[in-house]
Amino acid sequence: MTEYFPEVPDIEYQGPDSDEELAFDYYDPDKHVGDKTMKEHLRFAVSFWHAFTGDGSDPFGAPTMQRPWDDIEDPMEKSRARIEANFELLDKLGIEYFCYHDRDLAPRGDSIEESNEYLDEIVPLIKEKIDETGIGVLFGSAELFAEPKYAVGAASSPSADVFAHAGAQVKKALEVTNELGGEGFCLWGGREGYKTLLNTDMGLEQDNVARFLTMVADHADDIGFEGQLMLEPKPKEPMKFQYDHDAATIHAFLQKYDLDDRFTLNIETNHATLADRPFAHELRYARTNDILGSIDANQGDKLVGWDTDEFPFSLRDHTLAMYELLQDGGISPGGINFDAKLRRESFEPVDLVHGHITGMDTYARALEAAHALKESGELEEFVEDRYSSYDEGIGQRIVDGDVDLADLEEYTLDNDVPHPESGREEKLNALLNRYILEA
């Protein structure tokens, strides 16, 4: 059997003082943080699309990646090689899940029938590798954005034929994910939006997206799919105005169409950046509204206007993210999928390993800092004290819905002008830094 990463050993925890480059400094899968091991907390996954089909191209440059399967001419043989390489890399990294789009796994055919035949041909190999390694599918997805037919959307397309084709493609992708034992299915509406209102029927498009999602949820029930169905917020790029802009936008959409009990959200770090939201904000909104499903882990460059999908390395941002997950009781049955790609200049196969080690170590370090912060209770105590006026008196009556504007007027006339206390933001930033440094 071909080995695609022969220079890469099984990656193990060796600590920050080790001189070994291909080793974890902070991620120790069996180390307990609270009542769970790091592996149980973090539930890492590799995104097939970046790791095995990404080529290093960008809007201004040609492909740069060098991969062992590049010279394989037969499309099905190349797909088989990528799948073998996927399971080899995950096994060496100790990662137990991967995520994919349908068109990542097998070649794109000239028709939906041919594409389905290619998928049917490749699925037995994937099932064999799952059985052999114990590595499973965190979530599957359908690629409804790359082909020319989806240039102006899939479910939101002005063409009923495109809508129908997208439905047929999702049906097959969902069935494949179910057959592979996937724990979730994610719909990323990469082009569900519009460029100009001059040629757009927004009401019909949004109604059609809702109709499409209802069909997806119904089919999941029909085939006995027990995983979670997820939507992924994405504010822009490629569409100027997208209907899935951020967590709150999607939540309002789901509530409008009575779909909020059928879908959760897959929150991506870089998409939050593009929406001008902190990553922790999107997680906080999703968890407080009980729609947090999973995470696409990466980070963006605020100096660049598109989705750069860098491997995560910011301890501050990801400590705040892990704090949200711990407050939510964990991410299961979702996970932390590295929807991250190498820089064009990092083109050798071993760079894939370095990228994932960096991301895994970042989340491990952030997990320990967030857990220590949560266990101390310092931040929660400050917040509870800041809002303590709602625990009694007029505040309690407001919370209970026991007052109207006349009551508030009467209370205000009988009391002095209020003087709010300091928010102590600088002090709390120092508190966060302390836990990051001491983790």
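- For Tyr26 and Tyr13, the ring centers sit 6.0 Å or farther from each other.
- Tyr150 pairs with exactly one of His165, Arg191, Glu143 by the side chain to side chain donor-acceptor pair (under 3.5 Å) rule, that one being His165.
- The distance from atom NZ of Lys36 to atom NE2 of His371, rounded to the nearest 0.5 Å, is 10.5 Å.
- Side-chain contact between Val33 and His41 is present, with heavy atoms from C-beta onward closer than 4.5 Å.
- Between Glu345 and Arg343, no side-chain nitrogen of the basic residue sits less than 4.0 Å from a carboxylate oxygen of the acidic one, so the salt-bridge criterion is not met.
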Decide side-chain contact (heavy atoms from CB on, under 4.5 Å) for Trp188 and Phe145; before the verdict, give the C-alpha distance in whole Å, the side-chain angles of both, and the deciding distance to 0.1 Å.
CA-CA 9 Å; Trp188 170 52; Phe145 47 85; 3.0 Å; yes

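- At least one side-chain heavy atom of Phe311 sits less than 4.5 Å from a side-chain heavy atom of His356.
- Looking only at side-chain heavy atoms (C-beta outward), Leu119 and Lys172 come within less than 4.5 Å of each other.
- The distance between the ring centers of Tyr97 and Phe139 does not fall below 6.0 angstrom.
- The residues Glu378 and Lys427 are annotated as not salt-bridged, no charged nitrogen and carboxylate oxygen being separated by less than 4.0 angstrom.
- Within 6.0 Å of OH in Tyr390 there are 12 or fewer heavy atoms belonging to other residues, nucleotides or ligands.
- Distance check: Glu426 CD to Leu431 CG gives 13.0 Å after rounding to the nearest 0.5 Å.
- Look at Asp221 and Arg262 and you find a salt bridge, because one of the NZ, NE, NH1 or NH2 atoms lies within 4.0 Å of a carboxylate O, short of that distance.
- Aromatic ring orientation, Phe52 versus Phe5: perpendicular (interplanar angle above 60°, classes split at 30° and 60°).
- Distance check: Phe185 CZ to His219 NE2 gives 9.5 Å after rounding to the nearest 0.5 Å.
- Between Lys374 and Glu324 there is no salt bridge, since none of the side-chain N atoms of the basic residue sits less than 4.0 Å from a carboxylate O of the acidic one.
- Taking the charged nitrogens against the carboxylate oxygens, Lys234 and Asp307 do have a contact shorter than 4.0 Å, which makes a salt bridge.
- Rounding to the nearest 0.5 angstrom, the gap separating the CD1 atom in Ile135 from the CD1 atom in Ile126 is 12.5 Å.
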Could you go through the side-chain contact (heavy atoms from CB on, under 4.5 Å) check for Asp309 and Asp339 one step at a time?
CA-CA 7 Å; Asp309 286 341; Asp339 183 13; 4.2 Å; yes

